[in-house]
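To keep things clear, I will list the structure first and then write my remarks on it.
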There are 2 protein chains.
Amino acid sequence: MQTTSPIVEKNKKEKTASKRKRQIFDAAIHLFLEKGVANTSMRELAVAVNMTTGGLYHYVKSKEEIVRMVTRNAIYAHESVKALRKSLGDISPNEALRACTKFWLTLEKTAQEQTIFLDRERVHMGADMQQVYSESVRSLIHFFESLLDDGVKAGEFEVDNVFLTAFNIYMSRIQFATKWWLLQDLFTAEEYATQQTNAVMKQILVDRNKIS
Amino acid sequence: MQTTSPIVEKNKKEKTASKRKRQIFDAAIHLFLEKGVANTSMRELAVAVNMTTGGLYHYVKSKEEIVRMVTRNAIYAHESVKALRKSLGDISPNEALRACTKFWLTLEKTAQEQTIFLDRERVHMGADMQQVYSESVRSLIHFFESLLDDGVKAGEFEVDNVFLTAFNIYMSRIQFATKWWLLQDLFTAEEYATQQTNAVMKQILVDRNKIS
DNA sequence: GTCTATATAAGGATAGAC
DNA sequence: GTCTATCCTTATATAGAC
């Protein structure tokens, strides 16, 4: 006769527990996006995951904790762009910038929703999270600046204002996420990314034949 | 002996009443911006104008009414750009686009705050106001499209994607307003407007010598 | 026209049964 | 681990005194 060991038991519970937490997390992002953080109640969130508030509080400490979770997670999108650059290794500044810009502009839908969340709900974050968020934004813009600098040094780019150009690349994505309601009838995410990327490259490339 | 006529009396009251309402309106914009609509209570708003909630409700019917007032007012900023174009009369497409872009990018601070409000608090508007807002945005973008078209026809501009360029002009301002916390140490509003305007013109002008 | 007091509703969070 | 019941706080909005 076989009995399940206590450790396996514990792991099992932890697995379903983290599954539940994940479920709550996903539902929270969805509701926060649709109605805003302040307009989403814990009761609603509980209903969305087929629980009652009492049950919900078994998994999360407070509403604020959820906001923190979502915020932290959203910031990973920023890091993934830098990770891509590293994985690409030794390529030309032209190709590097194009690849990273395109990647940043086509991050999948979940990440897109998180971008909106960050951008819009800054006012509902605690002071500490606002700080973390700001740093993350600055860091990503700085990353694009360095890509631009590389190209300038290599003689491939000609850029009037490096910061502003980097800022605009960063913002192209935010624009798409926050103005989705306006753009969805006109572009797919893919088309938007392609065209904005081209617009950027056209602005800075010394040799315009390299656009393709 | 002179007595004030009833009509003068009435006008006087209406004047102070509308002054009060204006005061409430200004305070509301300020608070909504800083803390978001949902996080701003009528009590707070009352305190901000040195009243109690009871007094406040003498002037406004509901919180929703205030949001509607602010929304409607914010939309005037869009109209003022079109009005400028008309007032300029018969000038070259190049000059017209430059003037309107610059104007749109430098609208004074109050209008700037209202832009943030609209962009961020869309989720707190009623369905009807969301509709009005969307229309107004589309209309302004369309206005920039027509300016671009004029230039293309006149052979002054060369534009790959007219809508996207118009959209980016529109968004340059929203960017500045919503990312003010990021940009304020780097640009004055004036500098930002100048540089973004130049970036746009550089992208589309056939004859680049016409930039400055 | 402004205040105090209060009705009424909703939200976050907890205690304790099962 | 989930539910019911409930506490406490805060919010919108109104009634009526002054």
Side-chain angles (χ1 to χ4, degrees), chain A residues 4 6-28 30-32 34-71 121 123-126 129, chain B residues 4 6 8-28 31-32 34-71 121 123-126 129:
Chain A
T4 326
I7 286 177
V8 169
E9 258 310 291
K10 203 186 157 223
N11 281 343
K12 211 173 178 182
K13 266 185 193 160
E14 270 175 5
K15 192 152 192 190
T16 54
S18 81
K19 220 175 184 175
R20 265 291 200 209
K21 206 160 178 177
R22 176 76 205 180
Q23 202 186 347
I24 292 167
F25 178 78
D26 288 340
H30 194 74
L31 284 171
F32 286 170
E34 196 165 337
K35 324 177 17 130
V37 172
N39 294 329
T40 303
S41 72
M42 294 300 265
R43 281 174 177 68
E44 264 180 295
L45 179 55
V47 170
V49 292
N50 289 310
M51 276 197 268
T52 55
T53 47
L56 184 61
Y57 275 94
H58 180 77
Y59 294 100
V60 297
K61 215 180 89 251
S62 65
K63 190 178 180 179
E64 205 219 327
E65 194 205 44
I66 304 180
V67 175
R68 296 171 76 94
M69 276 166 58
V70 177
T71 307
E121 303 283 344
V123 90
H124 297 116
M125 301 175 193
M129 277 294 111
Chain B
T4 325
V8 170
E9 259 310 291
K10 201 184 159 225
N11 281 344
K12 210 172 177 182
K13 265 184 194 162
E14 271 175 4
K15 193 152 190 189
T16 53
S18 81
K19 220 174 183 176
R20 264 291 200 209
K21 206 160 179 178
R22 175 76 207 181
Q23 202 186 348
I24 292 167
F25 178 77
D26 288 340
L31 284 170
F32 286 171
E34 198 165 336
K35 325 178 17 131
V37 172
N39 294 328
T40 303
S41 72
M42 294 299 264
R43 274 187 241 288
E44 265 180 295
L45 179 54
V47 170
V49 291
N50 288 310
M51 275 198 269
T52 55
T53 48
L56 183 61
Y57 275 94
H58 180 77
Y59 293 100
V60 297
K61 213 180 91 251
S62 65
K63 190 177 179 179
E64 205 219 326
E65 195 204 44
I66 303 180
V67 175
R68 296 171 75 94
M69 276 166 57
V70 178
T71 307
E121 304 282 344
V123 90
H124 297 115
M125 301 176 193
M129 277 293 112

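Quick note on labels: first sequence line is chain A, next is B, and so on, each numbered from 1. Note that the structure is predicted; figures quoted are calculated from it, not measured.
Using a 4.0 Å cut-off on heavy atoms, the residues of residues 55-71 of chain A that approach DNA chain C are A:Tyr57, A:Ser62, A:Lys63, listed by number.
Pairs of residues two or more places apart, or lying in two chains, never qualify as salt bridge (charged side-chain N to carboxylate O under 4.0 Å, His left out) while including a residue from residues 46-60 of chain A. Residue pairs meeting the salt bridge (charged side-chain N to carboxylate O under 4.0 Å, His left out) criterion with at least one partner in residues 45-55 of chain A, sequence neighbours excluded, are absent. Residue pairs that meet the salt bridge (charged side-chain N to carboxylate O under 4.0 Å, His left out) test with at least one member in residues 39-54 of chain A, sequence neighbours left out, are A:Lys35-A:Glu44.
Taking the side chain of A:Thr52 as heavy atoms from C-beta on, and the options D:dT12, C:dC3, D:dC3, the nearest nucleotide is D:dC3.
B:Arg43 contributes a side-chain N or O that forms a donor-acceptor pair with the base of D:dA11 under 3.5 Å.
Looking at heavy atoms from C-beta onward, A:Phe32 lies out of side-chain contact with A:Asn39 at the 4.5 angstrom threshold.
Qualifying side chain to side chain contact (heavy atoms under 4.5 Å, CB included) partners for A:Val123, counting only residues two or more places apart in sequence or in other chains: B:Arg120.
What separates NZ of A:Lys19 from P of D:dT2 is a distance of 13 Å, to the nearest Å. Nucleotide C:dT2 holds its P atom 9 Å from the CD1 atom of B:Ile24, rounded to whole Å. Here C:dT14 presents its P atom at 10 Å from CE of A:Met42, a figure rounded to the nearest Å. Atom CG of A:Leu45 and atom C1' of C:dA10 are 16 Å apart (whole Å). In this structure, A:Met51 places its CE atom 16 Å from C1' of D:dT4, rounding to the nearest Å.
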Just distance, no hydrogens or angles: give the donor-acceptor pairs under 3.5 Å from side chains in residues 56-65 of chain A, sequence neighbours left out.
| unit_1 | atom_1 | unit_2 | atom_2 | d |
| --- | --- | --- | --- | --- |
| A:Ser62 | OG | A:Glu64 | N | 3.4 |
| A:Ser62 | OG | A:Glu65 | N | 3.2 |
| A:Lys63 | NZ | A:Val37 | O | 3.0 |
| A:Lys63 | NZ | A:Thr40 | O | 2.8 |
| A:Glu64 | OE2 | A:Arg68 | NH1 | 3.3 |
| A:Glu65 | OE1 | A:Lys61 | N | 3.2 |

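Position along DNA chain C of the nearest nucleotide to A:Glu44 versus A:Gly54 favours A:Glu44 as the more 5'-ward residue.
Residue A:Arg20 places at least one side-chain N or O closer than 4.0 Å to OP1 or OP2 of D:dT2.
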